K.L.:
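Sharing a structure here in structure tokens format.
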Amino acid sequence: MCGIFGFAGRASRPDRDFLKKAVDSFSYRGPDDEGFYLNADSTVGLAHKRLSILDLSAAGHQPMSDESKTRWTVFNGEIYNFLEIKEDLEKDGARFSSTSDTEVLLYAYKKWGSQCVSRFNGMFAFGIYNSKRGKLFLARDRMGKKPLFYALAGGNLVFASELKAILSTGFVPFEVDPSALNFYFALGYAPNDKSMIRGVRKLPPGFSMEFDIASGKAEVKQYWDAPAFEGPHDEDRALEEIEEILVDSVKKRLMSDVPLGAFLSGGIDSSLVVAFMRRVHNGEIKTFSVGFEGSSKNELRYASLVARHFGTTHKEIMVKADMGDLERISGLLDEPIYDNSMLPTYYLCRHTRQDVTVALSGDGGDELFGGYIHYQSADTARRAGKFFFPPLNLLARAVSSRLREGAFGKNTLAGIGMGEKACFTYPTQIFREGERQRLLSTPPGKTELMAPRLFRESLMNAKNYDYINQMCYADIKTFMVDDILVKVDRASMFNSLEVRCPILDYRMAEYSFRHLPGVLKIRGGAKKYLLKKLAGKYLPAALDLERKQGFDIPGDTLGGNKSRVPQRLLDFGPNEFVSRPFIEALARDQISGRGHLWHKIFALYFFLRWLEACRG
Amino acid sequence: MQRVKLLAVMDHLGGGGAEKQFLELVKRLDKSIFDIEVFLTEGAGKRMEEALQCGLKITCTTAKRNTLKALPALINSMRKFEPDVVMAWLSYSITLAAAAAALTGQKRLVFSERNSMEMLFTEEVRFGAIKKFIFKKCLSRAALVVTNSGIVAREFSDLGYAPGSKLKVVRNGIDLETLAHLPAKEALREKLVIPGDGLCGVYVGKLEQRKGLAYLMEALDGINNPSKQFRILGIGTGSMEETLRRHGRIELLGYKPNSIEYIKAADFLLLPSLYEGLPNVVLEALAVGTPVIASRVSGIPEIIEDGVDGLLVGPADAIALRAAMTRFLEDGGLRAKFAANGLKKIREFAMDKMVSSFAQLLLEAASRSPQP
């Protein structure tokens, strides 16, 4: 788990200081080691910050080259099946000098070229410079666990694990992309290959890119996407299959040369991961939980119940949410990614890192198995809309707009009477079209205001899935990759911790889209039907599977003062992007207790704080 | 036999696709069967000249959405002309026609709306919910509601705007005979001064955000084109002109009345819209054998079958758009295959087919007993 940076192009001649400056912008990603590579004529530079997990010796140092010194790589992540690939390569005569997966990556690339990525099972983002062919090859894992930003300009390419490394080089000027801003305030992130900065792009999950240094030509290709639905499996068969995949994916993720543990929230996903860890591992398992003082959503009781059941060494911590921490984290973020569980995740990682370097988590269960309440709301709204008379639809919308954010039924009511796809995409926006029109200082036209949800709706239409799977697919492609996984990556990296997600093994994703119909995900109004069945089989009976779960940023308790964050919104100086009166009204509503607007408040807070940090 | 008196109400005769279809319809309806008067509720528009040359009787207000002026004028027309059927196109004219019909007791109404409700009455439209409600009431007075795409018809029926029995789909038509007389592609390239060596993509339409041009720019940013192996032409005018000009990757040629010649001369057509009705340019491109890359929105998937006669991409998805363009730029065989398939398909969209389907519906409405 590390941070990577690279540069290629004829036009510029980077030196070691240039590379050093770039990786220093994310030094927390790799506290153990750093390394630099410059080719003979300084047209290619690679830099690496290392957090050692596998092969702790100097042999794992990066940038790493093959024995002929023609291919050089910087690699961030893990290839869980590297031993199998290594065996294949050894049969072909490859000789390895280290026990790291990075060396396997190099030889796999040597043998299979750009096709090598489809052989890897893992989370990764890497760059390989092939001096013989004068090309730079970049790739990102299938689910988008590891970040990779890049910018192309004047025939040059720069890439990095974090956007701020690209900005630190001065290669791309700091200029907020107005289109990304519109998407951010609608969704809470900039999706697809968009970034908040004009000219900087993300390489999307499941994509690779080949850059030809001589011509400056870049070719971006998709090597993986969730498969089409091929027909349903029945419940028993499905349970067998997911169990089999989960056993193997947990086993693969237990491979490590450093101490390893697991997050345990007491929810279904993390509890199942711990259950399967117990199944494949006899030794000590360390588990970690975090709870908030004064938070109503305290899951610690359930977590310790699960821990006792599986005999793990369990540590729990009660934290008091601190405004100072929020300020620091939000200032470190390279893009504003609004997420109400950023701070709790950060505390959990900080606490976990005191004992272990790697932790397994339950991420992905909600997206692959239908665990979100917004799936239920949309499905209900879609059905209701067909039966309601239009005047009643209007009434439902009016009632919805009067309900506070997050109130029971608000999203369902808002979706009633909209198109089938809009039932899902419209209510899940942070600021809806009309609100954004007032919020943004220079609002785009009316169709462009709708672009964020039109984009998500088109993802729903992209495959032959049923309605539930359409929503899951749209979330996998947007919400999960650009919000959930970014949150996990940044919160863990700020603490130099590596997080692995066995449920997000690509084989699980493939199986879930290929053979699980929507009714095995949401049935009779109950979420995560299939995972609950699996949980019933393995988790302690006393665990209440139907309770409300998840943790959020305890806005009410932050700093012991309800109005700290909204008050903070008023302290930010004016800027050219968002309307000051709109923000003031919003903050005042929140402070006075008239509104329950935490989603909106935090979306604005993260953006304004990011802008402040970027502009110094 | 007495002719059927038809009052055809439309916003204006501007440069848009719906206006073109409307004009072709009133021009081509058999005058031995129909006695037609056209009423424009908003003003004349670019195609007025053409309409007058065809000898159409036109009443044109200069109301520009001034309902207090337009409504009395329309009522006056209805009283004087005493039509057997009133046909109105698009939401504003439909609303006026419904109001005027209610006041004059006119009951044989055929309304044609081509846009999705969601797009017409978005959240930031003032009093959108009320307007939507009123519009729904207006539609309910019609004997028939005609849309030009299945997707809008489905939406109307799903959301209860019109019952399935009143809903009809008549797809846009295209004038195949005129297009058949266009010069060959190479000759057009010479005439329009498009050099023959590099590939050429063309965008035709208003230069507006709705058309997804921001994503086209984004997509082009990711395709290197140092030695100008290909060029993208933009035909049309609009609010995004300045932004596009600054961006510099799309060569803007302004409004061209002969846009079809550019479409034929080009190697492919781009339509990255966020929203559309049933776009005529896509039909035109198929008819002249130019393969298409378009968004998977609105009625477009009812024309283009992805991977058969064109490539469809998600709206606001610059990556997909870039990938599709790269495929077209690299694979001449694919372009040729799509072009051939498109030429076969386009026969379903002959203009006369559209006109005869519409005529049938109008006659049906005329002879139908007045709605209660």
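Both backbone and side-chain heavy atoms feed into the values below; hydrogens, waters and symmetry mates do not. Each chain gets a letter, A, B and so on, in the order its sequence line appears, and its residues count up from 1. Predicted model, so just to flag it, every value in this text is computed and none were measured.
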K.L.:
Where is the tightest heavy-atom contact between B/A316 and A/A451, given as atom of each residue plus distance?
P.N.:
CB-O, 4.2 Å
K.L.:
Please classify the contact between A/R198 and chain B as side chain, backbone, both or neither, with a heavy-atom cut-off of under 4.5 Å.
P.N.:
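For A/R198, neither part sits under 4.5 Å from chain B.
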K.L.:
Which of these, A/K446, A/E448, A/M450, sits in a side-chain contact (heavy atoms from CB on, under 4.5 Å) with B/L274?
P.N.:
A/E448
K.L.:
Could you check whether any side-chain heavy atom of B/D317 comes within less than 4.5 Å of a side-chain heavy atom of A/N192, counting everything from C-beta outward?
P.N.:
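Result yes, sub-4.5 Å side-chain heavy-atom pair found.
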K.L.:
Does B/D221 reach the side chain of A/R201, with side-chain heavy atoms less than 4.5 Å apart?
P.N.:
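Answer yes - side chains close enough.
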K.L.:
Could you measure the distance from the CG atom of A/L449 to the CZ atom of B/R210? Nearest 0.5 Å is fine.
P.N.:
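If we round to the nearest 0.5 Å, A/L449:CG and B/R210:CZ are 14.5 Å apart.
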K.L.:
With a 4.5 angstrom heavy-atom cut-off, which part of A/A422 approaches chain B: side chain, backbone, both or neither?
P.N.:
side chain
K.L.:
Measure across B/Q209 and A/P444 and return the closest heavy-atom pair with its distance rounded to 0.1 Å.
P.N.:
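Closest approach of B/Q209 to A/P444, heavy atoms only: OE1-C, 3.4 Å.
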K.L.:
Any idea which heavy atoms bring A/S179 and B/E218 closest together, and the distance?
P.N.:
OG-OE1, 4.4 Å
K.L.:
Less than 4.5 Å to any heavy atom of chain B: does that hold for the side chain of A/P204, its backbone, both, or neither?
P.N.:
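Contact with chain B involves the side chain of A/P204 alone.
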K.L.:
What do you reckon, is NZ of A/K463 surrounded by more than 12 foreign heavy atoms closer than 6.0 Å?
P.N.:
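For A/K463, atom NZ is crowded (more than 12 foreign heavy atoms under 6.0 Å).
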K.L.:
Which atom pair, heavy atoms only, marks the closest approach of B/P315 to A/S458?
P.N.:
CD-CB, 3.0 Å
K.L.:
Identify the residues of residues 320-331 of chain B whose heavy atoms come closer than 4.5 Å to a heavy atom of chain A, ordered by number, or report 'none'.
P.N.:
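Listed by number: B/R322.
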K.L.:
To the nearest 0.5 Å, what is the distance between CG on A/L454 and OG on B/S273?
P.N.:
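Here the rounded value is 11.0 Å.
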